Amino acid sequence: MAIQEVDYIWKNGELVPWHECTTHVLTHSLHYGSGVFEGIRCYYNEETGKSYVFRLQEHMERLIRSCKIALIDIDYTAEELCEATLEVIRANKLPSCYIRPLVYRGYGNMGVNPAGCPTEVIIAVWPWGAYLGDDALENGVSVGVSSWRQRSVNAIPPAMKSTASYMNSILAKMEALEHGYAEAILLNEDGKVCEGSGENLFVVRNGVLSTPPLSDGVLEGITRDTVLCIAEDLDIPALEESLVRSDLYVADEVFMTGSAAELTPIGAVDGRTIGKPGEITKAIQAKFFDIVSGKEEAYLDWLTEV
Ligand code: PY5
């Protein structure tokens with residue numbers, strides 16, 4: 001899926017033409033994965049003609065928390081980054097898009113110690129369709145448990161959305177595709193289910209929704225939190241509880257969540273059929289898409305109009 005180019009990228013306070021927004025090959029983060037980033041979506045409401053960014057402030061706050069964990073000094077507040085996001089969406093005249101803020105350590109020093117490398121901040125936007133395909137949102141995907149393990153909470157912390165973490169995700173994703181699956185599920189070293197290469201995970205059994213707790217080593221997903229709020233609203237009992245591999249096989253419904261993947265049903269795990277998207281998955285998914293596009297009055301607080 002080639003990236004769709006637009007006119008500008010926001011970099012360190014300025015709008016820079018897309019092709020001029022480049023970096024030196026000796027950039028610290030390019031060598032050592034020392035960056036942190038976010039993934040956000042902006043949705044268009046066809047009825048009102050308005051565009052909304054979903055949970056923008058929460059994403060920027062998580063970016064600042066990732067910087068804190070990574071000991072990156074960033075000169076911008078979450079509020080300033082929110083403003084910059086709106087500026088770059090408007091400049092590119094995009095009704096809907098994916099938003100990729102990245103904070104990285106720039107050019108200046110080639111040691112592992114990042115002292116002397118400037119902090120660089122970019123916010124890129126581009127039109128991006130369904131991450132795992134349109135058909136995936138409707139009919140679900142098959143996934144496989146990876147032979148790669150989730151990083152320990154004492155290694156590259158799963159709570160930090162760092163560029164370095166995604167080497168693990170890339171290994172798992174490529175292995176999954178090689179095996180004919182659309183996505184990988186990672187277990188931690190204790191055998192507890194964690195998450196996909198870029199998504200949180202939920203299962204439904206006997207009418208109860210559950211998702212692994214953050215302490216098992218998962219990213220504190222904003223879509224995950226959204227789903228937990230929707231479940232409460234729809235009176236669906238929901239738990240954060242540890243899950244093991246076989247819990248996935250015997251679940252009535254399984255789905256993944258993420259800003260890129262949105263809410264994608266899972267039809268099979270390791271060749272064990274789960275089935276077509278179930279009632280609870282479909283109800284939560286429908287509500288999710290109504291909320292993000294501004295059709296749910298009670299959730300307008302989560303939206304920032306562009
Ligand atoms: N877990 C991992 C490892 C992720 O990469 C992501 C998001 C999530 C969970 C879900 O978090 P949230 O709901 O806050 O988005 N991944 C990014 C995204 O934009 C990058 C994916 C390519 O969805």
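The analysis underlying the following values was restricted to heavy atoms, covering all of them including side chains, and did not include hydrogens, waters or symmetry mates. Just follow the structure's listing: the first ligand is 1, and inside any ligand the first atom is 1. Fair warning: this is a prediction, and the values are worked out from it, not measured in the lab.
Within the 4.5 Å cutoff, the side chain of Thr23 has no heavy atoms near those of the Tyr107 side chain. At least one side-chain heavy atom of Met256 sits under 4.5 Å from a side-chain heavy atom of Val141. In this structure, Glu240 and Arg224 have side chains that are in contact, with non-hydrogen atoms separated by less than 4.5 Å.
The 12-atom threshold is exceeded at CD of Glu241, counting heavy atoms of other residues, nucleotides or ligands nearer than 6.0 Å. Atom CE of Met110 has more than 12 neighbouring heavy atoms from other residues, nucleotides or ligands inside a 6.0 Å radius.
In terms of protein heavy-atom proximity, atom 19 (O) of ligand 1 is closest to Tyr98 OH, 2.5 Å. The shortest contact between atom 1 (N) of ligand 1 and any protein heavy atom is with Glu195 OE1, 2.8 Å. Counting only heavy atoms of the protein, atom 13 (O) of ligand 1 lies nearest to Thr223 OG1, 2.6 Å. Atom 6 (C) of ligand 1 has Gly198 O, 3.2 Å as its closest protein atom, hydrogens excluded (heavy atom only). Among all protein heavy atoms, the one lying closest to atom 15 (O) of ligand 1 is Ser259 OG, 2.7 Å. Nearest protein neighbour of atom 5 (O) of ligand 1, counting heavy atoms only, is Tyr166 OH, 2.4 Å. In terms of protein heavy-atom proximity, atom 12 (P) of ligand 1 is closest to Ile222 N, 3.5 Å.
Ion pair Glu253/Arg205 not flagged as a salt bridge, since none of the NZ, NE, NH1 or NH2 atoms sits closer than 4.0 Å to an Asp/Glu carboxylate oxygen. Ion pair Arg55/Asp225 flagged as a salt bridge, since at least one NZ, NE, NH1 or NH2 atom sits closer than 4.0 Å to an Asp/Glu carboxylate oxygen. Arg62 and Glu38 are joined by a salt bridge, as a carboxylate oxygen and a charged side-chain nitrogen come within less than 4.0 angstrom of each other. A salt bridge links Arg245 to Asp270: at least one charged side-chain nitrogen sits closer than 4.0 Å to a carboxylate oxygen.
Only the side chain of Arg62 comes within contact range of ligand 1, with a heavy atom under 4.0 Å; no backbone atom does.
Residue Leu219 has no N or O atom closer than 3.5 Å to an N or O atom of ligand 1. Backbone and side-chain nitrogen or oxygen atoms of Trp128 are examined, and none is located within less than 3.5 angstrom of a nitrogen or oxygen of ligand 1. Distances between N or O atoms of His59 and those of ligand 1 include no value under 3.5 Å. Not a single N or O atom of Thr257, backbone or side chain, sits closer than 3.5 Å to an N or O atom of ligand 1. Here's the thing with Arg224: none of its N/O atoms is less than 3.5 angstrom from an N/O atom of ligand 1. Considering backbone and side-chain atoms alike, Ile40 places every N or O at 3.5 Å or more from each N or O of ligand 1.
Residue contact annotation: Glu220 has no non-hydrogen atom under 4.0 Å from ligand 1. Ligand 1 lies nowhere less than 4.0 angstrom from a heavy atom belonging to Pro158.
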Q: Go through Tyr166 and Phe37 one step at a time and tell me if the ring pair (Phe, Tyr, Trp, His ring centres under 6.0 Å) criterion holds.
A: CA-CA 11 Å; Tyr166 289 81; Phe37 71 101; 4.9 Å; yes
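Residue contact check: Tyr131 has heavy atoms under 4.0 Å from atoms 22 (C) of ligand 1. The atoms of ligand 1 that sit less than 4.0 Å from any heavy atom of Gly221 are 11 (O), 12 (P), 13 (O), 14 (O). Near Ser197, meaning under 4.0 Å from any of its heavy atoms, are these atoms of ligand 1: 3 (C). Counting atoms of ligand 1 from 1 in the listed order, those under 4.0 Å from a heavy atom of Ala260 are 18 (C), 19 (O), 23 (O). Interface atoms of ligand 1 facing Lys161, defined by a heavy-atom separation under 4.0 Å, are 4 (C), 5 (O), 6 (C), 7 (C), 16 (N), 17 (C), 20 (C). Within ligand 1, the atoms closer than 4.0 Å to a non-hydrogen atom of Gly258 are 10 (C), 13 (O), 15 (O), 23 (O), numbered from 1 in the order shown.
Residues Tyr98 and Trp126 bring their aromatic ring centres within 6.0 Å. Proximity of the aromatic rings of Phe202 and Phe255 is defined here by a centroid distance below 6.0 angstrom, and this criterion is met.
Taking the six-membered ring where tryptophan is involved, the planes of Trp302 and Tyr299 are tilted, since the angle between them lies from 30° to 60°.
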